[in-house]
Amino acid sequence: MNKKKIELQVLNISNSQAQAGAYAMVLGEINGPRQLPVIIGSAEAQSMMIEMRGIVPPRPLTHTLFASVLKVLGANLLRVLIYKVDNGVFYSYLYMKAEETILRIDARTSDAVALALRMDAPIFVYDDILEAECLKTEHSITPMKEQDPDEDPATQQKTLEQLKAALQNAIDEEDYERAAQLRDIINQHKKQ
């Protein structure tokens, strides 16, 4: 059985209206109107936004570290495939090539997409999943990768506010290592 696969791109990441403390990642069909909303955690959302905006933290984040390790080991991420959805939870595979061996590794969709962004790998979903779970829109959203933060001060300000809120949350939870990382990212963001 060979199911039709549709290539997606990350269109947007925003605060989730449905779930406090979570984010909505919107994946859009390339050259098509269908959009797939996926609820993700704040750490993954932050990791993706940092990568898409070209912000370079002073120390590598987890997804960047993982991508670096894979490259050093000679493994290449061929693609991500969202293969299943169950009660709003999306399931994904990483398809990797190491030497002449193709590996299929189960992964959370948010981690898989964050890694795909760093390794320039395509993201696919089965057409039947996209059709069942999509938001049908008459117009498309411009992918975040193509947006220049300098051209949109409101977007840049919103991102900075989100980073500051995450910093305050880390301080409140006494997670000082994360607070220091966020502080450095905020300072980097302000310099741009």
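Here the side chains of Lys5 and Tyr126 are in contact, with some heavy-atom distance below 4.5 Å. The closest side-chain heavy-atom distance from His63 to Glu51 is not below 4.5 Å. Inter-residue side-chain proximity for Val80 and Leu94 is flagged as met; some heavy-atom pair is nearer than 4.5 Å. Using a 4.5 Å heavy-atom cutoff, the side chains of Tyr23 and Ile39 are not in contact. Here the side chains of Gln35 and Asn12 are not in contact, with every heavy-atom distance at 4.5 Å or above. At least one side-chain heavy atom of Ile13 sits under 4.5 Å from a side-chain heavy atom of Met52.
Annotation for Pro37 and Phe90: closest pair O-CE1, 3.7 Å, computed over non-hydrogen atoms. Looking at every heavy atom in both residues, Ser110 comes nearest to Ile40 through CB-CG2, 3.5 Å.
Residue Lys97 holds its NZ atom at 11.0 Å from CG of Leu103, rounded to the nearest 0.5 Å. One distance of note links CG of Leu27 with CD of Glu7; it measures 11.5 Å at 0.5 Å rounding. In this structure, Leu78 CG and Phe124 CZ are separated by 10.5 Å, a value rounded to the nearest 0.5 Å. The line from CZ of Arg118 to CZ of Phe66 is 12.0 Å long, rounded to the nearest 0.5 Å. Residue Thr109 holds its OG1 atom at 10.0 Å from CD1 of Ile123, rounded to the nearest 0.5 Å. Note: Glu131 CD to Lys4 NZ = 10.0 Å, rounded to the nearest 0.5 Å.
In terms of modelled atom types and a separation under 3.5 Å, the side chain of Ser47 and the main chain of Ala43 share no donor-acceptor contact. For Ser92 (side chain) and Ala112 (main-chain N/O), no donor-acceptor pair under 3.5 Å exists by modelled atom type.
Applying the side chain to side chain donor-acceptor pair (under 3.5 Å) definition to pairs two or more places apart or across chains, those involving residues 76-88 are Tyr83-Asp106.
Ile30 and Ile6 fall into different hydrophobic clusters, defined by Ile, Leu, Val, Met, Phe, Trp and Tyr side-chain heavy atoms under 4.5 Å apart, directly or through other members. Using a 4.5 Å cut-off between side-chain heavy atoms of Ile, Leu, Val, Met, Phe, Trp and Tyr, with links allowed through other members, Ile105 and Val113 fall into the same hydrophobic cluster. Under the 4.5 Å side-chain heavy-atom criterion for Ile, Leu, Val, Met, Phe, Trp and Tyr, Val38 and Val89 are members of the same hydrophobic cluster.
Every salt bridge (charged side-chain N to carboxylate O under 4.0 Å, His left out) that Glu29 has, sequence neighbours left out, goes to Arg34. Every salt bridge (charged side-chain N to carboxylate O under 4.0 Å, His left out) that Arg108 has, sequence neighbours left out, goes to Glu44, Asp111.
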(request) Take Val125 and Glu133 through the test side-chain contact (heavy atoms from CB on, under 4.5 Å) and record every step on the way to the result. (result) CA-CA 11 Å; Val125 64; Glu133 301 292 327; over 6 Å; no
(request) Apply side-chain contact (heavy atoms from CB on, under 4.5 Å) to the pair Leu8 and Ile82, showing each step before the final yes or no. (result) CA-CA 10 Å; Leu8 303 172; Ile82 301 170; 4.2 Å; yes
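For the side-chain contact (heavy atoms from CB on, under 4.5 Å) with Leu115, the qualifying choice from Thr62, Leu77, Thr64 is Leu77, the only one to do so.
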